[in-house]
Structures are given as C-alpha cells and as structure tokens.
Protein chains: 2
Amino acid sequence: MARRSATQVADSRAQTLDAAVELASVIGLEGLTIGRLAEQLEMSKSGLVGRFGSKEELQLAVLELAADAFRHAVYEPAAAQPSGFTRLTAICDAWITYLRDPPFSGGCFLTTASVEFDARPGPVNAAVKAVMRRWLGVLEREATAAIEQGELAPDTDPSDIAFTINALAVGANCHYQLHHDPRALTRARHAMARVLAPSSA
Amino acid sequence: MARRSATQVADSRAQTLDAAVELASVIGLEGLTIGRLAEQLEMSKSGLVGRFGSKEELQLAVLELAADAFRHAVYEPAAAQPSGFTRLTAICDAWITYLRDPPFSGGCFLTTASVEFDARPGPVNAAVKAVMRRWLGVLEREATAAIEQGELAPDTDPSDIAFTINALAVGANCHYQLHHDPRALTRARHAMARVLAPSSA
DNA sequence: CCTACCGATCGGTAGG
DNA sequence: CCTACCGATCGGTAGG
C-alpha cells in the first residue's frame with residue numbers, strides 16, 4: 001500500500017530531470033544548483049535531494065538523460081539506414097538538424113559538459129568521457145563498414161573519420177551557439193561531406 | 001610622491017591577472033571567484049576588488065589577457081610569413097602547437113569562455129563574441145589573399161575556410177582536453193591541410 | 001592594501 | 001515530500 005506507485009515516482013523523477021537538463025543546458029552542469037532547480041519546480045530543496053541524493057548524482061542523471069536524447073535525435077533515425085556510408089551520411093544529417101534545433105535551449109549538452117568537466121576530476125568527468133568514447137566508437141564502426149564496402153578509400157583511418165566528423169560538429173555547435181549564424185551548420189555539413197567523399201575525384 | 005609608482009601598480013595588476021587567467025582556464029571564467037583568487041595570491045578579497053572593481057571587470061580583463069596570449073602564440077609567429085596560403089599554413093602549425101602546449105593549463109581559454117558564456121547575456125558575452133569575430137576575420141582575410149594569389153580555387157568561400165579551420169581547432173581542443181590523446185592534434189592538423197589543399201588533385 | 005562585516009546563496013542534514 | 005536549520009562561501013561595502 002505505497003502512497004505513490006513506482007510509476008508515479010518514476011514520472012516525477014523524469015519531470016524533474018527534464019527541467020534539470022533544460023536548466024543545465026543554459027547555465028552549465030556545475031552552475032546547476034539544487035536551490036534554483038527547486039525554485040523552478042516549486043518544491044523544496046530537501047525534496048530534490050531526496051530524489052537524487054546529492055548534486056553529483058543529479059549531475060550524473062542529467063548527463064545520462066542528455067546522452068539518451070542525443071542518441072534518440074542523432075543515432076536512432078540513422079539506424080534504419082544500411083551500415084556504412086549511407087548510415088554515416090544519415091547521422092551527419094540528423095546531427096546538423098539536432099544542432100539547429102536542439103532538444104534543450106543551450107545547444108549540445110555533451111559539448112558543454114565536456115568543456116566544463118575536462119579539468120574537474122571525478123565521476124562526472126568519467127561519465128562524460130565514457131559517453132564521448134562510446135559515440136566516437138559508433139562513428140568508427142560505421143567508418144570501418146564503409147571502408148569494407150569500398151565506400152571509403154581502403155587506406156582510410158576509421159578513427160580519423162570519427163574524430164574529424166565529431167570535431168566539425170563540436171566546432172559548429174560552439175559557433176552557432178555564440179553567433180546564432182545558421183551558415184555555420186551548412187558549412188559544417190559540407191565539410192562533413194568532404195570528409196566522407198572519396199579523396200580523389 | 002605616490003607610495004607606489006605607476007609601473008609597480010601595473011606589475012602587480014599583471015601578476016594578479018596571470019594567476020587569474022591560469023585559475024580560470026581550469027575552473028572556468030564564471031567559476032573564478034574573488035575569494036579563491038585572493039587566497040591563492042595570499043591577499044584579501046577587498047584588495048582584489050580594489051584592483052579590478054568587480055568580478056565582471058576581472059572577467060573582462062582575464063579574457064583580454066587570454067586573447068593577447070592567443071594572438072601572441074598563434075598569430076604573431078605566422079605574421080612574419082607572406083600573406084595567403086603560406087601564412088594560413090603557419091597559423092595552423094602554430095595553432096596546433098598552442099593546443100598541444102597551451103600557456104594556461106586548462107587549454108584554449110577562448111573555447112572555454114565561448115561555451116561558458118554563449119547563453120549568458122552581458123558584457124563578457126559581447127567581449128567573447130568580439131574576440132572570436134576578430135579572429136575569424138583574420139582567417140578570412142588570409143583566405144581571401146590566398147584566393148587572389150591563385151593558391152586556393154577561385155570559387156572558394158573565404159568565410160567557409162575560416163569557419164572550418166576554426167571548427168577543427170575547437171573540436172581538437174575539446175577532444176584533447178578531455179581524452180589527452182595527442183592524435184587528436186595531428187588529425188586536426190591533417191584535416192586543416194585538406195581544407196587548404198586544392199580541391200582536385 | 002587591510003579587517004570586519006553585509007545579505008544572499010551554496011550543498012546538505014535533522015526531524016517529522 | 002515539508003520546515004527549519006547548519007557551516008561555508010559568494011560578491012561586495014564600510015571604514016580606515
């Protein structure tokens with residue numbers, strides 16, 4: 001006879017996290033404070049602490065949700081495409097769309113968190129690293145498939161493809177968030193296409 | 001009969017700023033607090049406030065110093081080279097060197113500040129934008145010279161070159177700061193070279 | 001440049 | 001989930 005069912009608890013947690021990730025995308029994962037989030041949700045600080053345990057656990061939960069949203073927006077649409085060049089192209093398309101109209105108003109959350117925590121050792125730093133490595137691994141896997149299928153030159157380095165596509169997306173996000181110039185997104189998309197194009201015409 | 005000469009005042013201000021920019025490169029420009037900086041410099045908070053007026057003015061001074069350091073490390077060595085392709089190449093070389101061994105331990109300060117302040121309106125946001133625009137303008141000017149000298153294809157868009165080179169540097173900095181993998185730097189350098197290579201072989 | 005202090009906010013706990 | 005509270009720290013001021 002619990003006062004709230006497991007589903008209700010999960011729902012309230014999910015709603016809390018939605019607000020937290022939106023707030024953190026604007027003011028940063030470290031700038032996110034329990035007090036400010038509580039005020040926005042019109043609840044007490046201790047209520048929030050009860051749901052997550054500590055600020056660090058809240059940060060980890062926010063990061064996990066943001067990573068899910070990224071995969072949902074960028075990877076899942078492309079997963080329907082055949083592996084290799086076709087799927088890589090679909091990933092780039094979805095990625096640019098995601099950068100243009102991100103699910104949280106502060107732009108790509110993973111880029112923000114990466115810059116914010118690259119010099120702060122701890123569990124959040126480790127989690128950011130893990131998410132980024134996993135994503136680069138996906139890109140690398142698709143690049144390898146493209147090479148095997150003869151869609152990329154046989155001497156191509158899959159890690160090189162993964163790094164460069166990711167760097168262009170990160171750079172485009174930073175430029176677009178700062179200057180709000182959509183040309184950054186089309187320029188990044190074209191540069192991605194050149195990375196995936198056969199090196200000789 | 002001033003107790004401290006203008007030179008002494010300028011020196012103490014410069015030493016304070018050196019410590020501030022080093023600290024801010026690690027914990028961020030917003031995370032930089034007067035109290036923590038004062039403690040590190042073994043002086044009182046009010047002494048620091050007296051030098052800069054407010055935290056925001058301190059942030060602006062730190063940003064200005066960081067921009068000077070960037071230009072000193074990346075632009076000045078290349079300025080000795082002839083304008084156009086040669087100078088762009090020298091800029092890319094110096095840039096990668098700067099990313100590998102940055103003057104402040106937190107990596108490229110401008111990238112950090114850009115991500116941190118892209119959604120925080122105010123004077124610091126405006127200053128970051130101005131620094132970035134100015135730098136992109138330098139890259140664009142050199143790309144234009146390269147086109148005029150026939151070193152880049154005549155239908156090349158100078159803004160496109162500037163954006164892409166910058167995005168690769170930003171992406172490389174983020175990757176290198178997070179994973180400490182120097183291959184990110186050589187990969188970025190190679191991608192920059194492809195951007196500057198004639199599009200057909 | 002200092003000490004002493006201001007009100008606000010931080011993350012978190014006690015107790016219910 | 002709440003109120004009430006803890007010690008620490010925030011940016012900054014008063015007064016010297």
Side-chain angles (χ1 to χ4, degrees), chain A residues 1-21 23-24 26-63 113 116-117 120-125, chain B residues 1-21 23-24 26-63 113 116-117 120-125:
Chain A
M1 300 287 273
R3 283 206 289 171
R4 310 183 70 208
S5 72
T7 303
Q8 283 174 320
V9 170
D11 281 356
S12 74
R13 185 183 154 99
Q15 284 166 18
T16 304
L17 271 180
D18 281 343
V21 75
L23 192 56
V26 175
I27 60 176
L29 200 48
E30 191 61 32
L32 177 69
T33 68
I34 295 173
R36 196 159 160 182
L37 180 58
E39 186 186 22
Q40 189 165 310
L41 290 167
E42 292 180 306
M43 63 185 289
S44 68
K45 287 200 299 172
S46 66
L48 261 184
V49 173
R51 282 184 191 171
F52 294 100
S54 70
K55 176 174 179 174
E56 193 171 73
E57 289 176 85
L58 172 63
Q59 289 173 322
L60 290 168
V62 164
L63 183 65
E116 208 174 350
F117 279 88
R120 295 178 189 256
V124 181
N125 172 281
Chain B
M1 300 288 273
R3 283 207 286 172
R4 308 184 70 207
S5 72
T7 304
Q8 283 174 319
V9 170
D11 282 357
S12 74
R13 184 183 156 98
Q15 285 165 19
T16 304
L17 271 180
D18 281 344
V21 75
L23 193 56
V26 175
I27 60 176
L29 199 48
E30 191 62 31
L32 176 69
T33 70
I34 295 174
R36 193 157 161 184
L37 180 59
E39 187 187 23
Q40 189 165 311
L41 291 166
E42 292 180 306
M43 62 185 289
S44 68
K45 287 201 298 173
S46 65
L48 260 185
V49 173
R51 281 183 191 170
F52 293 99
S54 70
K55 176 174 180 174
E56 193 171 74
E57 290 176 85
L58 173 63
Q59 290 174 323
L60 290 168
V62 164
L63 184 66
E116 207 174 351
F117 279 88
R120 296 178 189 255
V124 180
N125 173 282

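Values below: every heavy atom of this structure, side chains too, minus hydrogens, waters and symmetry copies.
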5'-to-3' dot-bracket of DNA chain C (Watson-Crick, G-U; under 3.5 angstrom; crossing pairs as [ ]; | other strand):
||||||||||||||||

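Rounded to whole Å, atom P of D:dT3 lies 14 Å from atom CD of A:E39. Rounded to a whole Å, the CG atom of A:L37 is 13 Å from the C1' atom of C:dG11. Straight-line distance from the CZ atom of A:R36 to the P atom of C:dC10: 8 Å, rounded to whole Å. Going from atom CD of A:E30 over to atom P of C:dT9 covers 19 Å, rounded to whole Å. Distance, A:I27 CD1 to C:dT9 C1': 13 Å, rounded to whole Å.
For the pair B:E116 (side chain) and B:E30 (backbone), a donor-acceptor distance under 3.5 Å is present.
Taking all atoms of both residues into account, the shortest heavy-atom contact from A:A38 to A:L48 is N-CD1, 3.5 Å. B:A20 approaches B:L32 most closely through the heavy-atom pair O-CD1, 3.9 Å. For the residue pair A:A61 and A:R13, the shortest heavy atom distance occurs at CB-NH2, 3.8 Å. Across all non-hydrogen atoms, the minimal contact from A:K55 to A:L29 is CE-O, 4.3 Å. Taking each heavy atom of A:L60 and A:V124 in turn, the nearest pair found is CD2-CA, 3.8 Å.
For the pair B:M43 and A:T33, both in contact range of DNA chain C, the more 5′-proximal nearest nucleotide belongs to B:M43.
For A:R120, the CZ atom counts as densely surrounded, since its 6.0 Å shell holds more than 12 non-hydrogen atoms of other residues, nucleotides or ligands.
Separation of atoms CG (B:L37) and CZ (B:F52) is listed at 7.5 Å; rounding is to 0.5 Å. Atoms CD1 and CG, on B:I34 and B:L41 in that order, are 12.0 Å from each other to the nearest 0.5 Å.
The side chain of B:S44 contributes an N or O atom lying less than 4.0 Å from OP1 or OP2 of C:dC2.
The residue A:G50 sits apart from the nucleic acid: no heavy atom pair falls under 4.0 Å. Note on A:L32: only backbone sugar-phosphate atoms sit closer than 4.0 angstrom, heavy atoms only; bases stay farther off.
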Taking only N/O atoms, report every protein-nucleotides 12-16 of chain D pair under 3.5 Å with atom names and distance.
from, atom 1, to, atom 2, distance (Å)
D:dG12, OP2, B:K55, N, 2.6
D:dG12, O6, B:K45, NZ, 3.3

